[in-house]
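Here the structure is laid out as structure tokens; the discussion comes afterwards.
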Amino acid sequence: MTKIKSVFHSHKAMKGFVLLLFIIQPLIDLDYLIYPFLDQFGIPRPSTIIRFLIIPLAVLWTFFLADKNKKKTLLFGGLYGLALAVYFLLHIRQGAQIYKSLYLTPNFFFQLSKEITYFLTLVIPYGMIYAVVHLRLTEKIVKGVTVALSCLTALPIFIGDLFVFGESTYAGMTAAPFLSWFLGIYADPTKIHPRQLASKFFFEEGNTIGILMFMLLPLLYLFFQRSTSKKERIALGALIGIHSLSMIILSTRVATFGTVLIPIGFLVLYLFTTLIMKENRLEKTVLFFCAAAAAISGCILPFSPAVVNQNIDSANTAILLQDDYLRRELGSSLENTTELKTSDYYRFMFEAYGIRANLMASVPTQYYMEWYYYTADPKFWVDVLELPLEQRVNGRQIEKIFMSYKWGELSNSEKFLGMGYSTFNNGSILLERDFAQQIYTMGYAGAALTVLPWLLVTCFGAIIVLLRWKKMLRLDVLVYAMALGCGLVSSYISGHTIDQFLTSSFMALLMGVLLDLVMRPKEQKN
């Protein structure tokens with residue numbers, strides 16, 4: 001019993017446990033593979049237990065052992081918690097009723113358990129930021145976490161693709177290894193589509209794992225530059241190579257193009273802090289490595305599934321643009337008809353122009369055939385057809401149009417509390433753009449409480465850096481900020497970042513480290 005008490009009173013044990021929770025996020029994300037078995041016995045996923053029970057307990061552990069201003073923390077934490085509780089009670093009350101007045105199809109429905117899970121997923125990372133700030137992590141520890149996360153994500157994707165046993169990022173299993181990209185496999189696209197060559201190992205969300213790898217890459221370059229031994233630099237250089245190749249294999253756009261953008265961005269920061277801020281000495285090895293990494297990635301990109309698939313989509317879009325006269329013909333027919341515009345009329349027009357004339361060819365059929373089927377609201381889909389092709393060319397744009405359409409049916413008071421995340425998640429049409437998505441689903445109040453703090457704290461840190469620019473415009477601060485910026489930008493462009501523990505936990509680590517660096521720069525040690 002005494003030994004157990006000593007463990008709970010050990011700062012070292014607390015720090016090690018919290019860091020372990022950050023490192024194992026990619027591993028616990030794989031528990032979806034065993035969930036069907038666990039669900040037979042009513043056992044929750046391990047990730048659910050870890051993320052919604054163990055992580056909050058770890059934050060409390062940090063509070064009791066490391067917080068020297070407990071009264072202030074209790075005051076501000078209590079006020080924030082009270083605001084969250086009041087908002088959430090009002091939100092679920094509205095969400096449970098409002099979906100009925102939005103005229104959605106039956107697959108859209110409010111679900112309290114999913115609403116609670118989503119709400120906690122958005123809020124708990126703030127506790128993780130608090131914990132990291134009080135852990136006072138050194139650069140050596142951050143380096144260890146970064147390398148561990150890189151190995152846990154990049155190596156499985158690389159090996160799974162090389163030996164062709166991983167899942168495709170988009171559908172089915174990976175069809176062939178990355179070496180086949182350079183051996184003419186794209187010659188006959190009717191046999192193997194580029195999407196079948198993308199590989200995510202067995203990670204659940206390819207887009208999310210790609211954003212995590214995108215945030216990790218700047219730090220790998222930083223630690224490569226900081227390496228003091230040839231052996232360590234070779235090891236990190238090899239890891240960067242595998243990590244970058246795995247990002248291209250994953251084939252999300254963020255991950256693919258990030259392999260070129262990150263080394264260029266790091267090189268700019270390195271030259272700035274070296275030549276202007278006089279922080280580092282100029283090393284030819286670092287310059288050559290960054291330039292070579294960007295050049296090699298750039299040479300691989302034309303053969304990557306992401307770029308080849310993008311070229312195919314562009315070709316299809318060009319064909320559709322040539323048939324844009326059909327859209328103008330549809331608009332003319334709708335404007336000049338004397339026929340009564342009933343639901344049957346709009347259904348006929350959508351079938352004629354959208355399906356048979358292929359004006360919806362660029363949009364996955366499940367959007368209008370399954371998720372929000374056109375027979376339930378044919379006027380909406382005909383209105384979509386009337387939009388210029390550039391505004392409705394893919395599923396992401398349809399999501400934006402759909403969410404804006406339903407949002408427009410709410411009163412101003414209803415917009416304050418939102419339409420409900422679970423409703424649209426169950427219906428399968430959800431805007432893939434963080435910040436905007438939370439406004440639609442959680443309302444103005446919910447977005448202000450759950451996602452706005454990311455931006456406010458970032459702006460707060462940026463102001464401090466500018467005020468203390470002589471001490472703060474250092475390579476480590478700028479690269480950590482670059483990695484955090486990668487996450488925030490990706491969350492808005494691609495979504496599935498702030499509301500996924502895999503990525504939001506790492507963003508919490510970055511933000512916590514940055515806050516500690518800028519608030520206590522004199523005490524920070526490497």
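Keep in mind it's a predicted model, so treat the numbers as computed, not measured.
A salt bridge links Arg226 with Glu279: the distance from a Lys NZ or Arg NE/NH1/NH2 to an Asp or Glu carboxylate oxygen falls below 4.0 Å. Between Arg45 and Glu204 there is a salt bridge, with a side-chain nitrogen of the basic residue lying less than 4.0 Å from a carboxylate oxygen of the acidic one.
Around atom OH of Tyr80, more than 12 heavy atoms belonging to other residues, nucleotides or ligands sit under 6.0 Å away. Annotation for Tyr32: atom OH counts as buried by contact number, over 12 foreign heavy atoms lying within 6.0 Å. For NZ of Lys400, the number of neighbouring non-hydrogen atoms (other residues, nucleotides, ligands) closer than 6.0 Å is 12 at most.
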Next item on the list: Evaluate the side-chain contact (heavy atoms from CB on, under 4.5 Å) criterion for residues Ile211 and Phe506: first the C-alpha distance (whole Å), next the side-chain angles of each, then the deciding distance (0.1 Å), finally the verdict.
Entry: CA-CA 10 Å; Ile211 293 171; Phe506 190 68; over 6 Å; no
Next item on the list: Given side-chain contact (heavy atoms from CB on, under 4.5 Å), test Leu236 with Gln225 step by step and report yes or no.
Entry: CA-CA 10 Å; Leu236 281 169; Gln225 183 271 330; over 6 Å; no
Item checked: Worked verdict on Tyr186 versus Trp181 for ring-ring contact (aromatic ring centres under 6.0 Å, His included) -> CA-CA 7 Å; Tyr186 299 118; Trp181 305 348; 7.6 Å; no
Notebook entry, point to check: Does the pair Phe402 and Tyr440 meet the rule for a ring-ring contact (aromatic ring centres under 6.0 Å, His included), with working shown?
Noted result: CA-CA 11 Å; Phe402 177 73; Tyr440 286 131; over 10 Å; no
Next item on the list: Would you please test Gln438 and Leu122 for side-chain contact (heavy atoms from CB on, under 4.5 Å) and show each step?
Entry: CA-CA 10 Å; Gln438 282 80 29; Leu122 293 175; 4.1 Å; yes
Checklist line | Audit row: Leu216, Thr153, side-chain contact (heavy atoms from CB on, under 4.5 Å) steps and yes/no | finding: CA-CA 10 Å; Leu216 287 167; Thr153 53; 4.3 Å; yes
Next item on the list: List the steps and the verdict of ring-ring contact (aromatic ring centres under 6.0 Å, His included) for Phe165 and Phe163.
Entry: CA-CA 6 Å; Phe165 65 83; Phe163 294 100; 7.1 Å; no
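Contact detail for Thr252 and Gly210: the closest heavy-atom pair is OG1-CA, 4.3 Å. Shown here for Ile192 and Ala175, the closest heavy-atom pair between the two residues is CG2-CB, 4.1 Å. The minimum heavy-atom distance between Val164 and Thr174, with the atom names listed, is CG1-O, 3.3 Å. Across all non-hydrogen atoms, the minimal contact from Met213 to His243 is O-NE2, 3.0 Å. Residues Gly206 and Thr169 come closest through the heavy atom pair CA-CG2, 4.0 Å. Between Leu488 and Trp454, the closest heavy-atom pair is CD2-CB, 4.2 Å.
By the 4.5 Å heavy-atom criterion applied to side chains, Gln397 and Leu387 are not counted as neighbours. Side-chain atoms of Arg474 and Tyr480, non-hydrogen and from C-beta on, never get closer than 4.5 Å to each other. In this structure, Val307 and Phe257 have side chains that are in contact, with non-hydrogen atoms separated by less than 4.5 Å. You'll find the side chain of His193 reaches within 4.5 Å of the side chain of Asn309, heavy atoms only. Phe224 is listed as a side-chain neighbour of Arg233, based on a closest heavy-atom distance under 4.5 Å. Side-chain contact between Leu502 and Pro26 is present, with at least one heavy-atom pair separated by less than 4.5 Å. With a 4.5 Å cut-off on side-chain heavy atoms, Ile24 and Leu152 do not count as touching.
A distance of 11.5 Å separates NE2 of His496 from OG of Ser491, quoted to the nearest 0.5 Å. Separation of atoms CG (Leu449) and OH (Tyr444) is listed at 15.0 Å; rounding is to 0.5 Å.
Using a 30° and 60° split on the angle between ring planes, Phe158 and Phe178 fall in the tilted class, from 30° to 60°. Ring geometry for Phe63 against Tyr130 counts as tilted: the plane angle lies between 30° and 60°, on a 0 to 90° scale.
Within the 6.0 Å centre-distance limit, the rings of Phe182 and Phe303 are counted as a close aromatic pair. Ring centroid separation for the pair Phe289 and Phe266 does not come in under the 6.0 Å cut-off.
For the residue pair Tyr367 and Glu399, a side-chain donor N or O sits within less than 3.5 Å of a side-chain acceptor on the partner. Looking at His134 and Thr62, their side chains never bring a donor and an acceptor atom within 3.5 Å of each other. Side-chain N/O atoms of Asp31 and Ser47 include a donor and acceptor closer than 3.5 Å.
With hydrogens and angles ignored, the 3.5 Å screen pairs no side-chain donor or acceptor of Ser150 with any backbone N or O of Ala148. In terms of modelled atom types and a separation under 3.5 Å, the side chain of Tyr126 and the main chain of Thr450 share a donor-acceptor contact. Side-chain N or O atoms of Thr259 include one that pairs as donor or acceptor with a backbone N or O of Thr256 at under 3.5 Å. Looking only at distances, a side-chain donor or acceptor of Ser180 sits under 3.5 Å from a matching main-chain atom of Pro177.
Every pair passing side chain to side chain donor-acceptor pair (under 3.5 Å) that includes a residue from residues 265-275 is listed here, sequence neighbours excluded: Thr273-Asn280.
Considering only residues two or more places apart in sequence or on other chains, Ile296 meets the side chain to side chain contact (heavy atoms under 4.5 Å, CB included) condition with Ile300. Contacts of Leu456 classified as side chain to side chain contact (heavy atoms under 4.5 Å, CB included), with partners at least two apart in sequence or in another chain: Leu452.
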